[in-house]
Structures are given as structure tokens and as C-alpha cells.
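Worksheet: one structure, shown below.
Treat the numbers as computed from the prediction; the structure is a model and nothing was measured.
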Amino acid sequence: MISPANVRRNTPQRYRMEAGKCASCGKVFFPPRVVCPCGSRKFKAYTLPSEGKVVAWTVIRTAPRGFSDEAPYGMGIVELSDGTRLLCQIADCEPERLKVGLPVTLEFRKVQEAGESGVIAYGYKAVPER
Amino acid sequence: MRDVAIIGIGMTDFGEHWNDSLRDLFVKAALAAIDDAGVDRVDSLVVGSMTPGLFTGQEHLGSLLADYLGQGPIPGTRVESACASGGLALRVGFLEVASGASDVVLVGGVEKMTDVSGAQATYALATAADQDMEVFHGVTFPGLYAMIATAHMHRYGTKREDLARVAVKNHDNGLLNPHAQYRMKITVDQVVNAVKVADPLTVLDCSPITDGAAAAVLCPLEMAKKMRLKKAPVRIAASAHATDTIALHQREDITFLKSTYEAAQKAYKMAGVKVSDIDFAEVHDCFTIAEICVLEALGVVKKGQGGKATRDGLTARDGRFPVNPSGGLKSKGHPVGATGVAQAHEIVTQLRGEAGARQLKGVKRGLAQNMGGSGGSAVVHILEVL
Amino acid sequence: MAGIVGYGAYIPRYRIQVEEIAKVWGADAQSMKKGLMLREKSVPGPDQDTITIAVEAAKNALRRAGIDAKKIGAVYVGSESHPYAVKPTGTTVAEVIGAVNDCHCADLEFACKAGSEGMFLAYALVKSGEVEYALGIGADTSQGAPGDALEYSTAAGGAAFLMGTKNVVAEVECQYSFMSDTPDFWRREYMHYPRHGGRFTGDMAYFKHVRGGVEGVLKKAGATVKDFRYVVFHQPNGKFPMKMAKELGFTDEQMKTGLLVPTLGNTYSGASPLGLSAILDEAKPGDRILMCSFGSGAGSDAFIFHCTKNLPKVQGKAKKTRDYLDRNPVYVDYGTYVKFRRKIRKNVED
């Protein structure tokens, strides 16, 4: 969904990796939450690190609408150095290199666009060392 | 809470029904269930459908279908929990009867998926995932389950062939199910070498796009005992529902289906049984890896052992714990909202001894596990003969 | 004294070789390579554009500068391939690095010298005391028309320079710009590819303006060619800057480090800025650097930088230009190249 409002709202997370850390139990939420499962409603601003490793991966070959030009592309669940996990594409990575444990760094990339005349949605992708 | 029984079941064939609209499918299945129960009127209707709006542009199903069944002005409720919508409809119907709010309730599930293009269908199904954190990045449902698979294979040594065996077994079963969409045998080799959708999953690891509906009539057990029914009522011994993060990467353990575990634990407690008291199950094999993980979450095998158990034939029709004698979602088809109710349909059919060539011998208690998204929700029912 | 407090580069990983392009259009690869003095060029991936390149370069510049991005008062990105015709590249850069909300921004356009003009504006704002820090970035994902000579060289990459007055790593000792209205290379609104005046783009454009810029800055600074350890000119191919160097009296040794075009191609607004960042990666305190960009239309921005003792402290704090340029590139064939660069006409997805 790339409505202008949706793109703008997600900017702090997709551009600056802004997350929230529960002031009570220390759990990190990305995106930030209003209430923690521990019951607390107080959170501290927290920025995610950009280094991590792949803990699950796949290669998307049948792509959803809007991504067919990029297929096949790697996707993975990345566990960042602070333990937080996120899901994103794994870019600039030959399919044979994909494996659990692959070290990656998050880079700023185009993720989607609403057609040739629509808004471009940028965000993070995981990139292995060259 | 009153004891609840299923007194009638019905379903359409599952497949591509170009000549049947959503309401046509639902009415077919519902009338079959109403006739099977031998009732004229129901007090309430609960229908599960994941996204009739995105597939057909139609919402407001509770009223539409109550009217088309000729049952107006009864209350009609549409429930949704992604692919667990059918199971949830069964649960909500159960609660209506158990609580005393209604006596005779028709529960049903329906999905009409073939009016839209494959791309639109994929988009509609993706609404079960986290839009901002998962779908935005270009992941698909096969992709999410493929990630569960690569993690499971890495951690537990589950083999590619173990996944394929789930599809092979379910097709062996579906071959014998006249309602099934794909009634053909397949081999491990065929599964492994089919067109890749999201590594390592191929198109034969994935349940299909399907049209279909299934329905059941519920009433208090005590009332059923007093009715002159054609078929023996089946008791709903347990009904349970649990949630988890819908985003896969936010799970505690991405290889463990916690919502299924939680729902199953509640169900075993409610029914006063252990997993070893369950004779067979209909589970949510939306993708082959899902069935393997569900075995572990239900406690049929230890964590990580689902692949090996499949390999060893534990879940075959002649195994110690048959799973998906109907053919599962893989072979029977997966009209999303209908699946949960179709699982109950199979269990009742087996408990009645009416499953023909795929009949499991001497079964008295079956479990239905219906799951939403990549495990964000799970609904578990335990049905038993009286 | 005002100058560079942090610098950073970014070059995409993909490359295409001259041979790949030549074989499709029936050209003589060896003579292309010899004539252009370039072997291969960088290709942006389908998920990369001027904005993503500018952002990563800016992040590297910030890693070296080590300052709070909130102190940045202006962000200028010069490019001829801004992703939007209306909606700036600079605002996305500012948003990502956290320079928002009190920050000046506007995008710049002047063919291949938009980036160096951005560097000048950033420097001048800081020097005047109007802002504490300012970013000037040159980045491009330039397109060449299929089958045209430019297709061999139009490449992707960018470099960012954070200007300030504290802990400067390379002072701006002198700046001079030489500009005229010369139609050597242009693209009309709504046209997909640029056009150029063929051989007219040599003497009347590139050479006239680079010469003008260099001679002007030397005169203004009272400097001679011997004062510079490193020299970098705009590099549309390898031939032009080396010919210019020879005419002006600069040695191969002075030109060597900043000449990236043989394996990078022409990164347009990123060209001389990337050459500069490659130089800064290895320069020592006391070294003087002469940079002169060129942008068609036409003009040149010349800078004299003087490296300070702070430079060695920051060089290792981010990936070096040559890391991006040389390490394990991925070569693509022409089909993949045109697919990445969207030169293929497809049905619109509904």
C-alpha cells in the first residue's frame, strides 16, 4: 500500500530505523508500540543497529504485483546485533550465497513504487558484504 | 455452558466453479447441511469468509446469506480470522449454542476466489500478513512459509523430501475424496522438481486457489438426543482459539506455531483428553511445511520431529496418527473461509463411518486445526462420537 | 577556515563491460575501449536510484564527520537523474540522516556539475556563517540512449561532502567557477534520453570550461600546477581528462588516484566528486588537491583543497571509494542491463 499518507507515516521506521524500547522490561518493538505485553505503557526512543545476520531466508520467484521485474529476489528474516528481528529483501546477493547465518548490513533502497507516475516508497534491505 | 452437537453437515465440491457465485456456493453447502440435519429453520447463521470484499466486492454476508437461505430475519454474523475464518465460524456458532443464546445454528464457510486474476488473489491473501512490516517488502505467503522451512531445515535437519512427503500423502488421500479439487497421485520427485515459487517450496508444496463452501448445523446435545436424526450426532468436545503476532519475524520462535500450541492446550483441557487420546486430525497444510510444524505444535511429536514423523509414515492413513485423510488443503483445495468448516465435515464423516475408500478404522475422536496467515491465529476443535 | 569535515562515496555493485554493449550494436569493442579509455561501467540495481545513492554517500560522510545530523542546516543534491521531476532528492536525504526539520533544501541541475555546485553552495553557506554544517552531494544514475556512444560510459554513483568549520579534514583554500551558455549536450523536458553535439562537445565545451576553471582558480589562488599532489577533473571518459591534464601541465602521477572512469564509467554529477573522495581516502596532511568539474550547458567549478591533520583520523571510519569500486563487482549481460535500466517496453501492470 503506497498511499502518500502511508509512506509518510512509515518514514521514521523505514528511513531511520526508529523503534521503541519498553521502559519497564526493555523489550524492543519495531515499529514502536503503545502498550507492551508486560503491561507497561511507557517507552523510550531507540534506534535499531544496521548490522545483523540472516536467520531464515527464501528466494521469491513468483512475485506479488509490483515486484515482478525484480524476481527472483532474496528475502530473509534478519536478526540484528541487538536481537531485534525484521523482515526485508536481501539485495545484491546471488541465490547460492543465501544461508542461515549470512552476515548482512541494512542499506537504503527503493522498495516499491506506485507505477511509473506514482510515489516511490523507500526503505531498508539487507545487503551482504561484496 | 451446554454441550453442543453437530447434527448435519454439507459441502460443495472444491474446485473452480465458474458457474457458481459466492451465494450459490454457500446456499448449496448450507442446504445440504440443513437437509442432512433434517431441520427446517435455524435460529442464527454464522459464516466465515476471509475476504469476500476483495475477491468479489461483496461484504454484508451475514444478511445476504441468511436471506438467500430463506431464513430471514435471523441474525447473520460474518467472522474473519484470515484462513482460520471457517474454524472461527464454527467456534462462534458453538459459543452461541453453548451459551444458550441460540438453539439451532447454521455455521458455514465460503470463499469464491476465481473471479479475480491470480495477482489479485495473491494480493487478497496477503492481507493476512503484516502490511507495513511484511507485505510492503515484497514477501508472499509461500515466501513466509518458505522461511519457516529454511529455518526448520537448518535447525532440525528436516529434509526437502520430508516436505514433499506431506504433499504426496495428502494427494494419496485426496484421490479417494469425491469433493477434492486435485484427485491425482504425485511423487516426491515431482514435488521437488516442480516450478519453484519461493525456495525451497515449489508449486506442488502449495495449496491451490479454490472456490467452495462447507456448512454444519449445531444444536444443544440434549436437544439432539431428543430429535429423530438420520445420523448420529457428533459432540463438540472442545473449541479453542488463540492468537500470536501476525508478523512471522516477531514470533518468539519462527519455527514454532505457538497459536496452534496454545489453542490445542486449551482444547485438550476442555475435552479432558491428552493428544494421545486423539485418533486422527485434519490440519492446516496450506503449505507442506505447515503440516510438519502443526504436528509439533499439537504435541503429536516433539519439536523438530515433524519431518521425521512424516518420513516414517506416522501420519499416513495406516499410520499411528493419520493426518488429513480428506486430502488436506493441498489436494482437497483451500477456499480460504470454507476450510475450517470442511475440516469438521471430514471429521464428522469419518466418525460416522461414511468416508468410503478413505475411511479410517475405528476412529472415535478427531481434531481439527485451522490456522490464519503464517500462524497469527489458530482455532482447534475436538469432535467425538457420543 | 571552512571546508570538508566528512566525505563519503557510494557505487552500486553491478557492472557491464564494453564488450557486452558493443556486441549487441555491432561496434568494435577494442576500438571503443581504446578511444574512451574505459573498460566497464557501474550499473544501478533495479532498487537503486539517485536518492538511494545520495543517502548512502551521505551516511558515509556523516560516519566520518561524527556530528549530530540535527546541526546540518542545508542539503543540496546535484544530479541529472533526480527520481522525481517535482519533489526533491535532498528532502529524502535530509529525512534519512535526521537533518530535518530546520534545514534548507533544493535540488540542483547543471548536467555533470550540479554536484560540485552543491558542494560550493554548502561551503559558501557555512563560510558565511549562515549555517553550522551543510551537505553538498553529487549523484547520478545517468542514462545513455541505446546504441549511442554514450551508452558505453553512462554510469551510476555519488559522493557527499559535509562542509563545516570545526575539525575540518580538507580546507577549501580557493574556489572559482567558469560558465557560459553553450548547447553542447541537452535533454528537453519529457524526452527520455539526452542529445549532444558530437565533436562540438570537446573543444567548445569540456576543454574550454575546464581550462577556464583551472586557469581561473590558479590565478585567484596565486598557485601553479606543481603545488598539487592530486588533481581530478570531470571524467566523461579517460581520454578527455588526460588530454586536459597534458595540455595544462599536470602529470600522470597527479591524475592517477582521482581517475576512476576506466572501471567506473561516467557518473555525471558524481564524477569529479567521486574522484575527490578516492583522493581523500589516501591523501596525507599538507597535500593540496585541485578538483575541476564540468557540466554541459556549460560550466566548471574548480576547488583547491588543503588536507589537514584531521584527515587520517577519519579515512578509516567508513567504506572507501575503492572498496565500492573494486570489490567483487557483479557483471551483467546487456539483456539484464536494459531490464535494470527500464529500457524495455512492457505492458503496464494493472
ask   = Within a reach of under 6.0 Å around CD of Glu129(A), are more than 12 heavy atoms found that belong to other residues, nucleotides or ligands?
value = no
request  = Indicate yes or no: does Glu70(A) engage Arg342(C) in a salt bridge with an N to O separation below 4.0 Å.
outcome  = no
query = Counting only heavy atoms not in Glu94(A), do more than 12 sit closer than 6.0 Å to its CD atom?
reply = yes
task = Please state whether the side chain, the backbone, both or neither of Val93(C) comes within less than 4.5 Å of a heavy atom of chain A.
result = neither
remark   = Greatest number of non-hydrogen atom pairs under 4.5 angstrom with chain A, of Glu95(C), Gln48(C), Lys339(C), falls to Glu95(C)
inquiry  = Heavy-atom cut-off 4.5 Å, strictly under: side chain, backbone, both or neither for Pro329(C) against chain A?
reply    = neither
key: Tyr14(C) side chain to Asp92(A) side chain, donor-acceptor N/O pair below 3.5 angstrom   = yes
ask   = For chain C, which residues of residues 39-55 of chain A have at least one non-hydrogen atom nearer than 4.5 Å to it?
value = none
Atom CZ of Arg195(C) with >12 non-hydrogen neighbours under 6.0 angstrom = no
request  = Would you check, one step at a time, whether the test salt bridge (Lys or Arg N to Asp or Glu O under 4.0 Å) holds for Lys110(A) with Asp47(C)?
outcome  = CA-CA 5 Å; Lys110(A) 268 203 298 198; Asp47(C) 59 357; over 6 Å; no
ask   = Does atom CG of Asn328(C) have more than 12 heavy-atom neighbours, drawn from other residues, nucleotides or ligands, at distances under 6.0 Å?
value = yes
request  = State, with a plain yes or no, whether a side-chain heavy atom of Thr92(C) is found less than 4.5 Å away from one of Tyr15(A).
outcome  = yes
request  = Would you indicate whether Lys71(C), at its atom NZ, is surrounded by more than 12 heavy atoms from other residues, nucleotides or ligands within a distance under 6.0 Å?
outcome  = no
key: Short side-chain to backbone donor-acceptor contact, Arg13(C) and Arg130(A), under 3.5 Å   = no
task = Take Asp69(A) and Lys346(C) through the test salt bridge (Lys or Arg N to Asp or Glu O under 4.0 Å) and record every step on the way to the result.
result = CA-CA 10 Å; Asp69(A) 273 1; Lys346(C) 296 184 69 186; 2.3 Å; yes
query = So which of Glu107(A), Met17(A), Glu113(A) has the biggest tally of heavy-atom pairs under 4.5 Å with chain C?
reply = Glu107(A)
message = I'd like to know if the side chain of Tyr84(C) and the backbone of Ile120(A) have a donor-acceptor N/O pair within less than 3.5 Å.
response = yes
remark   = So, the part of Tyr122(A) with a heavy atom under 4.5 Å from chain C: the answer is side chain
